[in-house]
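Written out below as structure tokens is the structure these notes cover.
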Amino acid sequence: MVQSSVLGFPRLGKLRDLKKATEAYWGGKISRDDLLAEGKRLRAEHWKLQQASGLDNIPSNDFAFYDQFLDHHQLFGTIPERYSKYNLHPLDEYFAMGRGHQKDGVDVPALEMVKWFDSNYHIVKPALQENQQFKLNANPKPVAEFKEALELGIKTVPVIVGPVTFLALAKADRGQNVDPIDLLEGLLPVYADLLKQLKAAGAEKVQIDEPVLVLDISPKVKAAFKPAYEKIGNLGAAAPKITVATYFGDIVHNIDVLSAIQNVDAVHVDLVRNPEQLDTVLGALGPNQTLSAGVVDGRNIWKTDFKAAIEKVEAAVQKLGKDRVVVATSSSLLHVPHTLESEKKLDAEVRDWFSFAVEKLKEVVIISKAVSEGPASVAAELEANAKSMQSRATSKRTNDPAVKARQAAVTEADHNRKSDFPTRIALQTKDIKLPLFPTTTIGSFPQTQEIRIQRNKFTKGEITPEEYEKFIEKEIQAVVKLQEDLDLDVLVHGEPERNDMVQYFGERLSGYVFTTHAWVQSYGSRAVRPPIIVGDISRPAPMTVKESAYAVSITKKPMKGMLTGPITCLRWSFPRDDVHQSVQAQQLALALRDEVIDLEKAGVKVIQVDEPALREGLPLRTGSARDAYVKWAVNAFKLSTAGVTDSTQVHSHFCYSEFQDFFHAIAALDTDVLSIENSKSDAKLLQVFVDQSFPAHIGPGVYDIHSPRVPSVDEIKERIEQMLKYLKPEQLWINPDCGLKTRTTEQTIGQLTSLVEAAKFYRQKY
Ligand code: GLN
Ligand code: ZN
């Protein structure tokens, strides 16, 4: 029979329970035991939900208090000495690696975080040593969680990051000179040990994730699969049956790797993103291998088209037979919200088009049943599904002729500023009057408890719009005053009115719907609630002008307006899957263009359009798809910003600094000032700006805003010193890595005081 599988389940809980508990623990409000108990409760609840839906293969070890990848650092004993030397409780050591720790004489920054493939989830990167020893944890989490589920009567499939993926995504620790993949041999015995322990505990199957197979991997990484799976695939009855899982792309370009892993039981592929890979994969499977067919989208919230999904699965069954095909989600469901059930306010028409994690469990089961037992066994479900598909395809909500007409009228000239950068910057310098090494922040200031309370009251109608507006103005006053006291140069209004940088815009644009509980984990305890693009997008009214204009009115210093760019709006929303993303991006760009022009009219001379998601949208592999993306994405950004006069300064912001392979796209945006992450990366990465003679101004972040720790003035001076090896003094801005909304006011004051003092030191010096 065709079985059903889910590759991973969201762990936050129905009401972001995990976020609340971890933050309460960090804040000293609940004990460690309380937090551990809450984790256990959530795991049990999620396993039971999956069991109740009739799913055959239920994942475990997909839970994590911070990040499942970070769990593996502890599992394999790859904890850098700067953390292990404090002998913290394992849970605190874990959080120290994830978010830094500055308490009780311990002062250590976080490990580097990177985006998980092209998603908005972040993993914590392993930092390995030249002489790295691997050692299986004394109480391996996958084993413990397997047993925990077993006690509830649920035999789960533990999910483990594969050895090749773990090493391929790791880096050499600071000052270490090692290519992590060279450490493979030392790591394999740990896997063998782990698999044996899982088997001894009763596990029959494990899922080993090797998503790097969808990337352009180096020959060395590719060659690692053979020895890796010889070792762990040949344990026979001593180990559970292994499914090697890939997702977020196709594996056709690495198809020869399948011959190196023929001793594993099953291979999972993503047939939502790349249905066309099916034939190639079917042709390359070993004679007894099973195909896990990912046909239910783990990355988006649209209801699965059962007819299309069943066709894909049946094509596999034709070739392999029912016992060698599994119906699965395309990837872990980590990337979709918990349940549609929590959405009480959604319009019934669109609600019928959606499916969140809990609903997707049922979809997987229904599809497997349809194939196993024939369509008649689920006739009612198939009929209802066909109706939903039909309703969405023909709905008036998806089509706005005015938007289409405006798109048709866009010209090439609409994408370009009037003059080139040297001309613009000369005008701007005169107009805005900035010192050398201008200081600024990236936009948000701490989102205090009070802000959340007032916003909540406003949402619930407990205070009037006027009262809320007064409150926001008071917040803006406070933030402006704070920045004046700190003596920053280009001020911001602090974004107190914004819950989230994309959701806020989604709520003000037509073509979007938004949810009340549809949270998705981004990193650690941070979750976002992506709005959903359901139809053609337009801007019914200005979105940010009121707040920015108010901020301009209360200070003499230059005030920066703050918008989220078209690509980030697109990427951090759930996009439509019925219209190409370039079309959605251009619609967003036109709406933002109107906003940029309105800000300029309101006296805002510096406008920052954030595009932190520009890069994650890049197709994972090089080639024509990537080139096409860069073209339409850059055009969308330019279309949104090019409507202003030369003397208005356009900034953009990116939360990363690795521009080596992406430089041409960044340069093509033609911004006046670029702020980027740099405090956690090597200043050497700035070399690319030198090599490519980047003309515009750059503000590489001088401290890490994800961490509560306060850097000293000397630490920041040291960063600036490094940056000046690469950038010209007249080109360098001094700013943090990103927005400050997750920090406390106290931390922010400490951090920015150091920043301003360091900037002034260099201003004196030059
Ligand atoms: N302007 C936003 C802020 O400061 C930018 C956030 C981001 O880049 N992720 O919060
Ligand atoms: Zn950022």
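Along the sequence shown, the residues carry numbers beginning at 1. Small disclaimer: the values here were computed from a predicted structure and weren't measured. Just follow the structure's listing: the first ligand is 1, and inside any ligand the first atom is 1.
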Quick check with a 6.0 Å cut-off and a 45 degree axis cone: is Arg299 positioned over the face of Phe248's six-membered ring? yes
The protein N, O or S atoms lying under 2.8 Å from the Zn ion (ligand 2) are His653 NE2, Cys655 SG, Cys738 SG
Any salt bridge (charged side-chain N to carboxylate O under 4.0 Å, His left out) pairs touching residues 431-460, not counting sequence neighbours? Asp431-Lys605
Is the shortest distance from a Lys or Arg side-chain nitrogen in Lys125 or Asp67 to a carboxylate oxygen in the other one below 4.0 Å? no
Side chains of Glu677 and Ser681 only: does a donor on one sit below 3.5 Å from an acceptor on the other? yes
Could Arg763 and Phe437 be counted as a cation-pi pair, given that NZ or CZ must be under 6.0 Å from the ring centre and within 45° of the axis? no
Establish, from distance only, whether the side-chain atoms of Thr439 and Asp489 form a donor-acceptor pair under 3.5 Å. yes
Could you tell me whether the side chains of Ser538 and Gln587 share a donor-acceptor contact shorter than 3.5 Å? no
Using the side chain to side chain donor-acceptor pair (under 3.5 Å) rule, collect all pairs that involve residues 658-667, keeping only residues at least two apart or in two chains. Arg615-Asp661
Taking Glu595 first and then Arg539, would you say they form a salt bridge - that is, a charged N and a carboxylate O separated by under 4.0 Å? yes
List, for ligand 1, each N/O atom that has a protein N/O partner under 3.5 Å away, with both atom names and the distance.
{"from": "ligand 1", "atom 1": "1 (N)", "to": "Ile442", "atom 2": "O", "distance (Å)": "3.0"}
{"from": "ligand 1", "atom 1": "1 (N)", "to": "Glu495", "atom 2": "OE2", "distance (Å)": "2.9"}
{"from": "ligand 1", "atom 1": "1 (N)", "to": "Asp610", "atom 2": "OD2", "distance (Å)": "2.7"}
{"from": "ligand 1", "atom 1": "4 (O)", "to": "Ile442", "atom 2": "O", "distance (Å)": "3.3"}
{"from": "ligand 1", "atom 1": "4 (O)", "to": "Ser444", "atom 2": "N", "distance (Å)": "2.8"}
{"from": "ligand 1", "atom 1": "4 (O)", "to": "Ser444", "atom 2": "OG", "distance (Å)": "3.2"}
{"from": "ligand 1", "atom 1": "8 (O)", "to": "His653", "atom 2": "NE2", "distance (Å)": "3.1"}
{"from": "ligand 1", "atom 1": "10 (O)", "to": "Ser444", "atom 2": "OG", "distance (Å)": "2.7"}
{"from": "ligand 1", "atom 1": "10 (O)", "to": "Lys741", "atom 2": "NZ", "distance (Å)": "3.3"}

